[in-house]
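If you're wondering where the values come from, they're calculated on a predicted model, not measured in any experiment. These values consider heavy atoms only, across backbone and side chains, with no hydrogens, waters or symmetry-generated copies. Index from 1, following the sequence.
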Amino acid sequence: MEPENPEGYSEPAKASWPPTAIPGRPGAHLCAAQPDHAAPSLTGDAPAPGAAEAQASTGLESMPDAESTQGSALLDALHAQIAQFVIPPSAEALDAITLWVVATHLQPAWQHAPRLAVVGPAKRCGKSRLLDVLTETVHEPMLTINTTPAAIFRSITEEEPPTLLVDEADTIFGTPKQAERNEETRGLLNAGHQRGRYVTRVVGNDHTPHKFATFAMAAIAGIGDLPDTVMDRSVVIRMRRRAEGEKVKPFRSRRDIPALHDLRDRINAWARPRLEEAAILEPDMPVEDRAADTWEPLVIVAELAGGPWPRRARVACARMVAAEVATEEDHPGGARILADIRRIFAAQREVDSLSTEDLLHHLRQDPEGPWAEWGRGGLNARDLGRLLRDFDVRPGNVRMADGTQRKGYTRNKFLDSWRRYCPTVHPVESRPAPDRG
């Protein structure tokens, strides 16, 4: 039975997006746009996205479709096959998984090898089942159960890298001690995201130094988030348990693997002649920096396939990256502390400075924040200083409105970090607004 996967989110905006490349003709532009109602909707029904995701994809939904090709038909078929066995958290996530699988068949063309982070809060969220389907559809799958890092990088070739599949990653990175023991594995996953990163080991009786390639696409599944450095290089799929009424088809190796292998072989036969074309395409991306590096192979696959896929790839990219940015801002470590302090300064009408005592009071008063329960007695001055030190923000003597001096933080010290790590939380002006009190 087909699962009920999520679909459509907000009303398409009227803004336009740069025309996409016509499959088989890099650099060519579409000459006519289709009306908004002509764009096919995404599959299934899902709750509306958050404000950040909706804003991120504004204008993308109205992109005109490209000409359909054999590639778009193959993507449709793969999309339908995956949807039989798992229910991803959104229509965009299902599109991203589909594009990622096809991208594994074009690895020699990529400068960056996106990771697929398949994470969930608990058992039985469909993570391992998704990995079962990926194993039968990706290019040259390499399961890494109980495999040492040395064996992995000795199995990677520059000309034809395998696709790494890591299940139960929580047993590798779940606790600080586990993560410390598996630091080499984390380093391998980080280095392999970009072409040209090698590990050097001595080999043979004469201990000759030898460089081993690390570049390979990887799908990593586990309970809870992966290390931040791995998540930052990943297309993140946050799986969840099926709700009542959501049905999937049981996966049976004898019955289902032949059909998946047949589809895999047809995808490979379509993709391989397009290696050179994929290598030279530079599509317009709705995100920047490392997120653009990670998502570019998926968008290029969509460009090569045509049909609705260039639009769907960009919508998925924009919304899923925005969702991860919002998740990062909610995390106590990382940008959450910056975002909450930004809100406090905004609520205080952009005062020049706040004492440490006042800042801690406002942080601990936030009913949705983690700061009242931080440590044993709530966030204290030492904890606050340690969290902000990573962003090069340090306390000092500040002059208060009554003329006294106290230890605290000046607003100007936060400006650069606010722009870099939480730009969606109130616009940041270089000078504080005048006090209108």
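- Relative to the six-membered ring of F85, R129 misses at least one condition, a distance below 6.0 Å or an angle of at most 45° to the axis.
- In this structure, a donor-acceptor pair under 3.5 Å is present between the side chains of T229 and R186.
- T163 and Q107 are linked by a side-chain donor-acceptor pair at a separation below 3.5 angstrom, with hydrogens and angles left out of the test.
- Pairing each heavy atom of I237 with each of P89, the nearest pair is CG2-CD, 3.9 Å.
- The 12-atom threshold is exceeded at CD of E183, counting heavy atoms of other residues, nucleotides or ligands nearer than 6.0 Å.
- Using a cutoff of 4.0 Å between basic side-chain nitrogens and carboxylate oxygens, R238 and D225 are scored as salt-bridged.
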| request: Report the C-alpha distance between R342 and D340 in whole Å, list the side-chain angles of each, state the deciding distance to 0.1 Å, and finish with yes or no for salt bridge (charged side-chain N to carboxylate O under 4.0 Å, His left out). | output: CA-CA 5 Å; R342 177 74 195 104; D340 285 354; over 6 Å; no
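- Note: T98 OG1 to D76 CG = 9.0 Å, rounded to the nearest 0.5 Å.
- A salt bridge does not link R195 with E158: none of the charged nitrogens is closer than 4.0 Å to a carboxylate oxygen.
- Side-chain atoms of W371 and D366 include no donor-acceptor pair closer than 3.5 Å.
- Residues T214 and H193 bring no donor and acceptor atom of their side chains to less than 3.5 Å of each other.
- Atom NE2 of H105 sits about 10.5 Å away from atom CG of L74, to the nearest 0.5 Å.
- With a 6.0 Å radius and a threshold of 12 heavy atoms from other residues, nucleotides or ligands, Q111 has its CD atom above the threshold.
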Residue pair R314, E92: steps toward the salt bridge (charged side-chain N to carboxylate O under 4.0 Å, His left out) verdict: CA-CA 9 Å; R314 287 179 172 85; E92 287 79 18; over 6 Å; no
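- Closest approach of D232 and R290 over heavy atoms only: OD2-NH1, 2.9 Å.
- A donor atom on one side chain and an acceptor atom on the other are not found under 3.5 Å apart for E296 and H112.
- Across all non-hydrogen atoms, the minimal contact from R272 to P108 is NH1-CD, 4.0 Å.
- Remark: I220 CD1 to L164 CG distance equals 8.0 Å, nearest 0.5 Å.
- Here the CG atom belonging to N190 is positioned 8.0 Å from the CZ atom belonging to R115, to the nearest 0.5 angstrom.
- Under 3.5 Å, the side chains of D65 and W309 contain no donor-acceptor pair of N or O atoms.
- Checked for salt-bridge contact, D392 and R394 meet the test: a charged N lies under 4.0 Å from a carboxylate O.
- D416 and R419 are not joined by a salt bridge, as no carboxylate oxygen comes within less than 4.0 angstrom of a charged side-chain nitrogen.
- Across all their heavy atoms, E324 and M231 have their closest contact at OE1-CE, 4.3 Å.
- Residue I87 holds its CD1 atom at 4.0 Å from CD of E246, rounded to the nearest 0.5 Å.
- Between S234 atom OG and D228 atom CG the span is 11.0 Å, to the nearest 0.5 Å.
- Comment: E350 engages R411 in a salt bridge, judged by a side-chain N to carboxylate O separation of less than 4.0 angstrom.
- Nearest heavy atoms, L263 versus L78: CD2-CA, 3.5 Å.
- Taking the ring centroids of W418 and F345, they lie under the 6.0 Å cut-off.
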